[in-house]
*Asks:* 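Quick one: the structure is below, questions incoming.
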Amino acid sequence: MLELQQIKKSFGTKDVLKDINLTLSRGQIMSLLGPSGCGKTTLLNIILGLEQQTSGKIIWDGEDISQKPMQERGFNIVFQDFALFPHLNAYDNIIYGLRNQKKGIDEKSVQEYIKFLELSPHLNKKVHELSGGQKQRVSIARTLVMQPDILLMDEPLSALDGVIKETIKERIQSISREFNLTTIIVTHDPEEALTLSDQVVILNDGHIAQCGSPVEIVNAPANEFIENFILQQLRIKRQNIYRLFGEQHD
Amino acid sequence: MIKTTMLMRGMGFLLLATFVFLLALPLGAVVLKSFEGVDGWTLHNYEQALSSGVLKEVFFNSVWVSTIAAVITTVLAFLLAYTIHFTNVAKPIKKIIRLGVTLPMLLPTITYGFVLIYAFGNQGIFSRLFGQPLFTIYGFNGLVIGYVLYTLPAAFLLMHNAMQYMDHRFIIVSHLMHDGKWRRFYHTILRPMLSPIGGAFILAFILSFTDYGIPASVGGTYDVIATTLYQTMLGSIPNFSQGAVISIVMLAPAVLGMITMGILERGNVSYKSVSQQVAFASKTKTVLFGSGSVIVVIALLAVFTPLIIVPFTTAYPFDFGFTLTHFQAVIQMPELMNVYKNSLLVAVCTALVGVVIAFIAGLLSARTNLKSRKAFDVIAMVTNAVPGMVLGLGYLFFFNNSSLKGTFFIIIAYAIMHFFTTPFLMVKNALQKMDPSWEVTGALLRDSWLQTVYRVILPNVKRTLVEVFSYYFINAMVTVSGVIFLVTTHTVLVSTKIKELQHFSKFNEIFILSLFILVTNIVVKIICEFYLNRQSKRG
């Protein structure tokens, strides 16, 4: 279980994050949702260990990891546009981190990930020959083979074509289920956050505006910000889609 | 994109005609001259040049000394650029490194040689400091040091730019994947930098191979191809057709190098996004690279100290009293002040006309569908590959019997052509980045194309044009290689006057004139920087 206790982050006199308290159970998907500049990426970086919180604690499975360096936390990240090494092919990108392990490469388990992510036909392709979705799957495979405790994803859908977004959402959910993998996703899209995750954390101006399951958020918005900016958008979307199919929502 | 109009075609035609007249025909003249015999076309000139051992010897001298200099330059440039981008050295120190390493660009290369003599020669400042000369400065050593000083800024800027566009998130990935030091260095820095490193080496090599100023001043008896070409053309027994052959021999490696650079660039690693720099450097690395770079920059600046010491001492090296008499003497010499005015005139005209030409070429190339627009890319490649001495020689052959001979016009035209590549690419890149629908928007709002260019494009490209102005001005101020063939007693420039003063050992005058160039260039740079800063604050 991941716990954040009173996390605070300031740059100079500006508080980017104030009093963030969260818990996330193993195997769950959590979204950090909010408008740009709300502090969600900073929070992601703090969990990853890339940035140091000004104060507060991070606890993973009962151990205080607040001061642990990034490499030793055992978390991993899939970047927004994937950060694949352009001089290596898909396969070499996938096993990039395994080459650093003394025990060598367990080819069987690598193949399992490759099969699960349907990457077998693309292994010899150069990075620039892959489509956006394939790149993302290679990037996910590269982190999964390292068997991270938590998978962090920075805007996983925003660099992809609209048409494949729904499939990718399903894929992220199935990865989390299949490997019982705790997943944290940063997004600015309410629909994405609410349809993808078990738990949604809505950030506004550096603090948590609401934290709960998608159902809770939709049925009991905690304040006006949630009501006006999150739910209103979804209602308009719903209306448009119903109108498109010639139906009425009751 | 907007439809091609007669106006665009007309502008394209005029500009191309200019390049034919000022670039293609002079270069053609060199080629023709190399095949010209007493009676008709012949290969005799080549046979003669290649059969004599002299040309072979100087060619290999040039290749050898340029290679050594290029290796040293590449290593140093990498060290400096790496320190700036991948260590936590304090920002002001990074700025000093950046400015320090580019300072030599503001001086003509011929000055470097004389500075080296006064630093490391028998009576040099450092020789006196250590009690004896550290090494012989004339010949090979002097050439290597001079070439390194000359090529380091360009090589550094190339790597500095490349590193600016590197994606620092790969370093995060590498850390997360538990890479060791060397594996991280290979995958996140060395591998993506391979092509810029190769590019920097080739650039340093070509610049050294084709430079005239440094061997002219400090070459001693170590003959290189540039000095041989000068001797053949303007020595006691001028031999034009032999000169043409030598310049073709000089052109060959330059062309080869540029082609290789083009191929290397294709293998360039391109990153989709540029990330914020992440400070991952350990303290040891920061201290190690930081102090290494600072030492390089201090050594580099120290070499130039004679420039400010010698002309202000009463009688170097016998009387070290401070004096302004040499300085006052130069100011009161109308001959020398006229030379300075000539240089200023050439630099201002080159910069003004150069900005116009680079802008029009960039505009037609980036924002029209003109069929001839591809030609400008070819032209930019040609001006990049042709050494200054070869182009200068072409002008000499082509304009020799015309009324343009010995005018400022051909010097300015030469400078605009010779330095065309960088300004053109600067303008073109800037224009390409701009929204492609501006012209259509303008047209829909009832602008003519020229009005849109004037009202929308020009204001948005102003910053780049100021940079182009500064680039042209400074380079015109320091250029030596080609203009030595073009100046007459009326049009003599500071950089060529220095060559003349060398014969009379008037080193105080040489250094004071060099300081004039340096200060003028610094002033122009500061004015341009000031303007750019003000602009960016507003915007």
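No hydrogens, no waters, no symmetry mates; every other heavy atom, side chains included, goes into these values. Each chain gets a letter, A, B and so on, in the order its sequence line appears, and its residues count up from 1.
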*Asks:* Relative to the ring of B:F170, is the ring of A:F85 parallel (under 30°), tilted (30 to 60°) or perpendicular (over 60°)?
*Replies:* tilted

*Asks:* Looking at side-chain heavy atoms only, is the closest gap between B:H175 and A:L50 below 4.5 Å?
*Replies:* no

*Asks:* Would you compute the distance between atom CG of A:L88 and atom CZ of B:R191 and round it to the nearest 0.5 angstrom?
*Replies:* 8.0 Å

*Asks:* How about B:M177 and A:R99: do any of their side-chain heavy atoms sit closer than 4.5 Å?
*Replies:* no

*Asks:* For B:M381, is the CE atom crowded, meaning more than 12 foreign heavy atoms sit under 6.0 Å from it?
*Replies:* no

*Asks:* Are the side chains of A:R142 and B:L176 in contact, using a 4.5 Å heavy-atom criterion?
*Replies:* no

*Asks:* May I ask you to check whether over 12 heavy atoms, not counting those of A:K169, lie within 6.0 Å of atom NZ?
*Replies:* yes

*Asks:* Taking side chain to side chain donor-acceptor pair (under 3.5 Å) as the criterion, tell me which of B:R183, B:R184, B:H178 meets it with A:N100.
*Replies:* B:R183

*Asks:* What part of A:M146 gets closer than 4.5 Å to chain B, counting heavy atoms only: side chain, backbone, both or neither?
*Replies:* side chain

*Asks:* Step through the shown structure and confirm whether more than 12 heavy atoms of other residues, nucleotides or ligands are within 6.0 Å of CZ on B:F530.
*Replies:* no

*Asks:* Can you confirm whether more than 12 heavy atoms, excluding those of A:N124, are under 6.0 Å from its CG atom?
*Replies:* no

